[in-house]
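Here the structure is laid out as structure tokens; the discussion comes afterwards.
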Protein chains: 2
Amino acid sequence: MSRTLDEVAKSAGVSRSTVSRVINDHPSVSDETRAKVQAAIEQCGYRPNAVARSLATNRTNILGMVVPESVTKLFTDPYFPLMLRGATEACNRRGYHLILSLFTASVESSIMHDRIARSGYLDGLIAANASLDDKLIPGLFAEGIPFVNIGRHPDDRVNYVDVDNRGGARMATEHLVRLGHKRIAMIGGPADMTPAQDRLDGYLEVMSTHRLPASKGLIAEGDFTEAGGRAAMLELLAENPTAVFAASDSMAVGAVKAIRAQGLRIPDDVAIVGFDDIPSARTVDPELTTIRQPIERIGQLAVEMLINVIDGKAAEGNMAATQRFVLPTELIVRGSCGSS
Amino acid sequence: MSRTLDEVAKSAGVSRSTVSRVINDHPSVSDETRAKVQAAIEQCGYRPNAVARSLATNRTNILGMVVPESVTKLFTDPYFPLMLRGATEACNRRGYHLILSLFTASVESSIMHDRIARSGYLDGLIAANASLDDKLIPGLFAEGIPFVNIGRHPDDRVNYVDVDNRGGARMATEHLVRLGHKRIAMIGGPADMTPAQDRLDGYLEVMSTHRLPASKGLIAEGDFTEAGGRAAMLELLAENPTAVFAASDSMAVGAVKAIRAQGLRIPDDVAIVGFDDIPSARTVDPELTTIRQPIERIGQLAVEMLINVIDGKAAEGNMAATQRFVLPTELIVRGSCGSS
DNA sequence: TTGTACGCGTTATCAT
DNA sequence: ATGATAACGCGTACAA
């Protein structure tokens, strides 16, 4: 099975420490012995035991991605696989591993919390869009474990990576205004999620700027799912909007179906713009005009920031400044709003 | 930070060993001291250090889910999030952690392989639909690390969990035959993936039984993506089929769009049945008749089997029998084939 | 440059 | 039932 340092040392005729130095690229070892040791390593098929190494260094090179229960339900939305792919990609590059923890109803979250945060297996963790009132984040502070949240968080101490949700929502709404729409409805997300808040704010801001109505009836709350978007759109249709901004592409796809179900045409009767630019935005008919956010990049950035935080903490004590990053969004014009 | 066994022992006025026994529910410890130790544990806020424990026990309670590069591309298909959710769910229940490794182009797969299989961090791993010619599986045997594949594998020694792909494909095709269709086309998956093979075989079997044509022109190879399904359907339409069986719902959704793009109606002009029963099968218009496979259950079962394999190996040496499990599929009739 | 010796936090074996 | 003590495999001051 697994050879040990001692065996390699014996085989190379040196001491254990020397082999260890070779493995960790320590400078002070003669080229001669280095070569000798390398050979022995090859020959034995030696691989360092990560667990033992972790015990000695107090570092595991394992990060955690924790998905709050409220978000686990949305896990099939392409957003998460994409973000996750970005995160694992970055981990691959940096030589880290990623433990994925979805909080589910079957296990009490306090137990999950303990297993995740206090096991000692994790160098740090990424919170996948923990909502404002999530007990997760306070818990992490209490535990003193390095973490990065995906999505902004009002607490000053929270490191996060976010996208310009508000700016994106403004672009989306402006686009519809530019096309001459007056009655522009919005399908929002759950009120306790900051992306939903910010996208709503961006919409309201533009509506207000142009002195357009944004009454209660023009705003419906979805849940970021396609079914939710469909239901929300059904409500909204009673108000006869000529355009809709959906806070996610999944909801936009649902809205498209609701609109069609009423015998209305897109974009002729109702124009629609989404948010995310997930793959299906290009496969809907008509293709979805949407706000692109660099989803994989978010995951990548989150792990890179986290590694920085971990390294920084190790280096400078707890003095490291809070790290934050807000990625830009982009308007992608396709067919669902008519030609501009 | 993290208290240690010694501190608890000192605080409780016993030896380290006794505290260890209490933690591991060892029987031989008096109720009196047990209570005393429990109290000390509470008071210190002690939590066992998982890494140290792993070094001593040679068990990490961490499983790996490894996704071959060919499959990483399909990672946004709802199949994977669902399967993953099932797997993490089972891990939660059993007190295991799950490391997710997506093989990507950015890091050479031999390096990834080493990191995954030889790090010592993993008690075992799940291969997510490794295809037949994937170097992954031979590598795992060479390494002697316990694993379970998702999807059947011809090698006798491979533990796997699979679904009755062939039976499902038969049901799908039979359903179309029952509805009176003669020219039934099929959109298959990549030839090197066993689910694709099996679904094709099921289709061919039924076509042959009913002496229906299954010529080259009636079979197109997709890639399990929506775009691929669309392209495949476009080819097939030249043959004027009256029905199509798509080997995945994603491809079926693409096919629906291709059919519509030709001005044809579903199910009137072309009936269609998919495979998977992912959430979007219920949100397409018309809703998709499909073959349901219990996707989350697959993930759950994979980790449970894997844990069995690991425990079995620990218990009986390498004598444990190969474990296999084939889950049933189910025909779900919705609107995309017309009424039966 | 190289080797010695100790520590990382547990579990496990063996006395007592 | 309890307590020393030896692993587990590696990193790393410290000494040589």
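Letters go in sequence order (proteins before strands), and every chain restarts at 1.
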Let me know the distance between CG of Asn61(B) and C1' of dT10(C), rounded to the nearest Å. 14 Å
Expected list for residues 110-124 of chain B near DNA chain D, using heavy atoms below 4.0 Å, is none
When every non-hydrogen atom of Ile23(B) is compared with those of Pro48(B), the smallest separation belongs to CG2-CG, 4.4 Å
Is the distance from OP1 or OP2 of dT10(C) to the nearest side-chain N or O of Thr4(B) less than 4.0 Å? yes
Mind listing the closest non-hydrogen atom pair of Pro154(A) and Leu132(A) along with its distance? CD-CD2, 3.3 Å
Taking only residues at least two apart or on different chains, which pairs with a member in residues 27-65 of chain A satisfy ring pair (Phe, Tyr, Trp, His ring centres under 6.0 Å)? none
Ring pair (Phe, Tyr, Trp, His ring centres under 6.0 Å): pairs with one or both residues in residues 100-151 of chain A, sequence neighbours excluded: Phe141(A)-Phe147(A)
Looking only at side chains, do Ser30(A) and Thr33(A) share a donor and an acceptor under 3.5 Å apart? yes
Mind checking if Val51(B) touches a base, just sugar-phosphate, or nothing, with heavy atoms under 4.0 Å? nothing
Could you check which of dG9(D), dG3(C), dT2(D) has an atom nearest any side-chain atom of Thr18(B)? dT2(D)
Taking side-chain hydrogen bond (donor to acceptor under 3.5 Å, both in side chains) as the test, write out the residues that go with Thr76(A), two or more places apart. none
Given salt bridge (Lys or Arg N to Asp or Glu O under 4.0 Å), test Lys36(A) with Asp31(A) step by step and report yes or no. CA-CA 9 Å; Lys36(A) 192 168 54 182; Asp31(A) 291 352; over 6 Å; no
Qualifying residues under side-chain hydrogen bond (donor to acceptor under 3.5 Å, both in side chains), relative to Arg16(B), sequence neighbours excluded: Asp6(B)
CG of Asn49(B) versus P of dC8(D): gap in Å, rounded? 19 Å
How close or far is atom C1' of dT10(C) from atom CG of Asp25(B), stated in whole angstroms? 16 Å
Between Met65(A) and Ala87(A), the two heavy atoms sitting closest are CE-CB, 3.8 Å
Which residues satisfy the salt bridge (charged side-chain N to carboxylate O under 4.0 Å, His left out) test with Asp155(A), sequence neighbours excluded? Arg157(A)
Roughly how bent is the helix from dT1(C)-dA16(D) to dT16(C)-dA1(D) end to end, in steps of 10 degrees, with each end axis from five pairs? 40°
His26(B) atom NE2 is separated from dT11(C) atom P, nearest whole Å, by 12 Å
What is the separation between atom CG on Asp6(A) and atom C1' on dA7(D), rounded to the nearest whole Å? 12 Å
Residues in contact with DNA chain D, drawn from residues 30-42 of chain B - heavy-atom cutoff 4.0 Å: Ser30(B), Thr33(B)
What pairs meet the salt bridge (Lys or Arg N to Asp or Glu O under 4.0 Å) rule with one or both residues in residues 90-107 of chain A, with sequence neighbours excluded? Glu89(A)-Arg93(A)
Checking Asn159(B) now: which residues fulfil side-chain hydrogen bond (donor to acceptor under 3.5 Å, both in side chains) with it, not counting sequence neighbours? none
With sequence neighbours left out, what residues match Arg115(B) under salt bridge (charged side-chain N to carboxylate O under 4.0 Å, His left out)? none
The contact string for nucleotides 11-16 of chain D, one letter per nucleotide 5' to 3', using protein heavy atoms under 4.0 Å with B, S and - for base, sugar-phosphate only and none, comes out as BBB---
